[in-house]
Amino acid sequence: MINIIIPFPVFKPLHLCVSFSNSCSSDVITSISYGQKTFQQSSSEVDNLIFTKKIKYELESYFNNPGFQFSLPCDIQLGTPFQQRVWQALTEIPSGKVKTYGELAKELKSSARAVGNACRRNLFPVIIPCHRVVSASGVGGYAGDTLDTQRGQINFLQIKQWLLAHEAVDR
DNA sequence: ACTATTCCGGTAA
DNA sequence: TTACCGGAATAGT
């Protein structure tokens, strides 16, 4: 498995850690997580330069142009069958638009709460845009944070808000 | 027994 | 009428 680190705009010590592996001759991203600088960037001899460049290129493109469409392969099968359905649906929400947990639930014939769960478990934040799902009354949660509860140093809701503002969603 | 929810009824300003 | 609480309903882990 290979990790690459990409700085996240605005939120100073914040980075995106992208992990990928090469399973039978094709590269797939296996997870993306938020971290603060101190992370180790693993440089393997087998490091696929082409793929790491593509990851960097696509993320930088998105940060420069919110309408950029990702084509990076994610190993969506790492999720449960239900999570796979939700994550797939997320990829179909275009930049600049949002859906509520309830709306998505209706489309998937599930419940708002279950959809929220699947979003919370999203292994590929930013490129699978779980930030485009909001609550009926407000903004909803992000990375486990809600309006009431915050886990680490940063309140990840600010990041969700930033992503939405970046995509020119008014709310 | 937890959730990144939502809807409806009651109450108060 | 609007705003704000409580509680039940809900589906997946």
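The figures that follow rest on heavy atoms only: side chains count, while hydrogens, waters and symmetry mates do not. In what follows, chains carry the letters A, B, and so on, assigned in the order in which the sequence lines appear, proteins first and then strands, with residues in each chain numbered from 1.
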> For A/Asp148 and C/dC5, give me the distance from atom CG to atom P, rounded to whole Å.
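Value for this atom pair: 11 Å.
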> Whole angstroms only, please: what is the CD-P distance between A/Glu107 and B/dT5?
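Atom CD in A/Glu107 sits about 18 Å away from atom P in B/dT5.
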> For A/Asp145 and B/dT5, give me the distance from atom CG to atom P, rounded to whole Å.
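Distance check: A/Asp145 CG to B/dT5 P gives 12 Å.
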> From the list C/dT13, B/dT3, B/dT6, which nucleotide is the closest neighbour of the side chain of A/Asn117?
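Between C/dT13, B/dT3, B/dT6, the one nearest the side chain of A/Asn117 would be B/dT3.
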> Suppose we define a pair by two distances each less than 3.5 Å, Watson-Crick or G-U wobble; what does C/dT10 pair with here?
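C/dT10 is paired with nothing.
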> Would you classify A/Tyr101 as touching base, sugar-phosphate or nothing, given that sugar-phosphate means primed atoms plus P, OP1 and OP2, and contacts are heavy atoms under 4.0 Å?
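A/Tyr101: base contact, heavy atoms under 4.0 Å.
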> For A/Gly140, which contact category applies under a 4.0 Å heavy-atom criterion: base, sugar-phosphate, or nothing?
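Touches nothing.
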> Roughly how many Å is it from CG in A/Leu147 to P in B/dT6, rounded to a whole number?
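So the CG-P distance, A/Leu147 to B/dT6, works out to 12 Å.
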> Phosphate oxygens OP1/OP2 of C/dG12: is one of them under 4.0 Å from a side-chain N or O of A/Thr80?
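No, no such contact exists.
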> Can you check the A/Leu108 CG to B/dT6 P distance for me, whole Å?
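Rounding to the nearest Å, CG of A/Leu108 and P of B/dT6 are 14 Å apart.
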> Using the ring of each side chain (for Trp, its six-membered ring), is A/Phe70 parallel, tilted or perpendicular to A/Phe68, with breaks at 30° and 60°?
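Because their plane-to-plane angle is over 60°, the rings of A/Phe70 and A/Phe68 count as perpendicular.
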> Do A/Tyr142 and A/Tyr34 have a side chain donor and acceptor closer than 3.5 Å?
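Present: a donor and an acceptor within the cut-off.
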> Compare every heavy atom of A/Ile159 with every heavy atom of A/Leu14, then report the nearest pair and how far apart it is.
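Scanning both residues, the minimum pair turns out to be CD2-CD1, 3.4 Å.
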> Could you state the atom-to-atom distance from OH of A/Tyr142 to P of B/dT3 in whole Å?
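Computing the A/Tyr142:OH to B/dT3:P distance gives 20 Å.
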> Rounded to whole Å, please give me the gap between CZ in A/Arg113 and C1' in B/dA1.
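These atoms are roughly 11 Å apart.
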> Counting only side-chain N and O atoms of A/Ser111, is one of them less than 4.0 Å from OP1 or OP2 of B/dT5?
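For B/dT5, neither OP1 nor OP2 has a side-chain N or O of A/Ser111 closer than 4.0 Å.
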> B/dT3 C1' sits how many Å from A/Arg151 CZ, rounded?
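Between C1' of B/dT3 and CZ of A/Arg151: 10 Å.
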> Is a donor from one side chain sitting under 3.5 angstrom from an acceptor on the other, for A/Glu167 and A/His131?
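Indeed, the side chains of A/Glu167 and A/His131 share at least one donor-acceptor pair under 3.5 Å.
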> Looking for any heavy atom pair under 4.0 Å, which part of the strands does A/Ala105 touch: base, sugar-phosphate only, or nothing?
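Nothing, no nucleic acid heavy atom in range.
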> Establish, from distance only, whether the side-chain atoms of A/Gln84 and A/Gln88 form a donor-acceptor pair under 3.5 Å.
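Judged by distance alone, the side chains do not pair up.
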